[in-house]
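Computed from a prediction, not measured in an experiment: that's the story for all the values here.
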Amino acid sequence: MTSLPTGKIEVRLLSEAIFASGEKESHLVHSRALTDQYGFVYFHAKSLKGQLKRQAFWLLERYRCFDMAIAMQFFNSIERLFGINGNERSIHWPESKERYASQGIMRLGALELPADVKRHFLQMMQEDKDDEYYSLSPHDFIAAQTYIRSGIELEKGKAKDKRLVTYHTVREDLVFYSPVTFESVPSKEELDHLNRIVRSLDRIGAGIHRGHGEVEARLFINGTEMAGEGK
């Protein structure tokens with residue numbers, strides 16, 4: 001019996017990125033970074049999968065321009081990995097008369113800092129607690145991973161009068177990982193297509209159209225990086 005592969009996606013920030021939580025930080029920022037209870041920044045698995053799927057559809061349109069046979073193979077990989085709903089099928093593969101939804105076999109975890117890095121700082125926090133010396137706090141971790149930036153608040157595409165907002169951006173050069181699992185065995189072609197999708201990802205987070213969130217992404221399967229040319 002063939003065992004299911006496991007993998008991870010590595011995302012390195014090449015510029016500041018917005019991992020917005022949708023919450024305010026009292027007397028600090030209007031939009032705080034998404035963090036866990038200890039103050040470690042992370043990016044939602046659902047948001048990551050959505051941005052990868054959006055990138056997949058972007059690549060699909062490129063394939064459609066020069067080779068419909070390859071485009072069909074790529075679309076089939078998108079459907080099997082990510083799943084497709086009826087609306088997506090009608091938009092991205094209108095040649096099909098079917099409008100049924102299908103579930104994908106791929107599951108992603110949240111993008112988080114490396115486990116050994118988190119473990120190291122959590123151990124430091126525990127040692128401080130044991131010694132009754134609180135040198136590190138979640139707010140310290142947030143400050144170490146983010147900047148506080150400001151900008152003009154928009155309403156219907158126009159600047160609000162005298163509305164300056166502040167928000168967290170995650171610092172460039174930080175590296176995050178998302179675990180990748182499968183509910184059934186993907187084919188080599190499907191993994192190759194997933195690798196191309198991951199490597200073509202160049203932006204992530206909120207505010208990606210305002211120049212934030214430039215990234216470099218790589219895919220590892222069973223501990224080995226998948227090679228490829230990316231875009």
| message | Applying side chain to side chain contact (heavy atoms under 4.5 Å, CB included) to L4 and T181, what does each step give before you reach the verdict? | response | CA-CA 8 Å; L4 294 175; T181 58; over 6 Å; no
| said: Using a 4.5 Å cut-off between side-chain heavy atoms of Ile, Leu, Val, Met, Phe, Trp and Tyr, which other residues end up in the same hydrophobic cluster as Y147? | reply: none
Do [X] and [Y] make a side-chain contact, defined as non-hydrogen atoms from C-beta onward lying under 4.5 Å apart?
X: L52; Y: I9; answer: yes
X: P186; Y: I105; answer: yes
X: V180; Y: F220; answer: no
X: F82; Y: M106; answer: yes
X: Q145; Y: L113; answer: yes
X: F40; Y: F121; answer: yes
X: F19; Y: H44; answer: no
X: I70; Y: F75; answer: no

| said: Run the side-chain contact (heavy atoms from CB on, under 4.5 Å) test against D116 and tell me which residues pass, sequence neighbours left out. | reply: P114, R119
| query | Does atom CD of Q103 have more than 12 heavy-atom neighbours, drawn from other residues, nucleotides or ligands, at distances under 6.0 Å? | reply | no
| message | Can you tell me if M72 has over 12 outside heavy atoms packed within less than 6.0 Å of its CE? | response | no
Test item: [X] side-chain N/O and [Y] main-chain N/O as donor-acceptor pair under 3.5 Å:
X: E112; Y: S178; answer: no
X: H168; Y: A33; answer: yes
X: N222; Y: T6; answer: yes
X: R199; Y: L194; answer: no
X: N195; Y: L191; answer: no

| field | Selection residues 169-178 - residue pairs positive for salt bridge (charged side-chain N to carboxylate O under 4.0 Å, His left out), sequence neighbours left out | value | none
Check ion pair [X]-[Y] (N to O, under 4.0 angstrom):
X: E88; Y: R99; result: no
X: R196; Y: D192; result: no
X: E98; Y: R89; result: no

| said: Could you walk me through whether E214 and S15 satisfy the side chain to side chain donor-acceptor pair (under 3.5 Å) test, starting with their C-alpha distance in whole Å, then the side-chain angles of each, then the deciding distance to 0.1 Å, before giving a yes or no? | reply: CA-CA 5 Å; E214 294 183 21; S15 70; 4.8 Å; no
| Axial cation check for Y177 ring with K8, 6.0 Å and 45° limits | yes
| task | With R54 as the cation and W58 as the aromatic partner, state whether NZ or CZ is under 6.0 Å from the six-membered ring centre and within 45° of the axis. | result | no
| request: Could you verify whether a donor N or O on one side chain and an acceptor N or O on the other, from S77 and E190, lie under 3.5 Å apart? | output: no
| Cut-off 3.5 Å, side chains only: do R80 and S184 have a donor facing an acceptor? | yes
| Passing option when F43 is tested against I18, L34, V11, L111 for side chain to side chain contact (heavy atoms under 4.5 Å, CB included) | L111
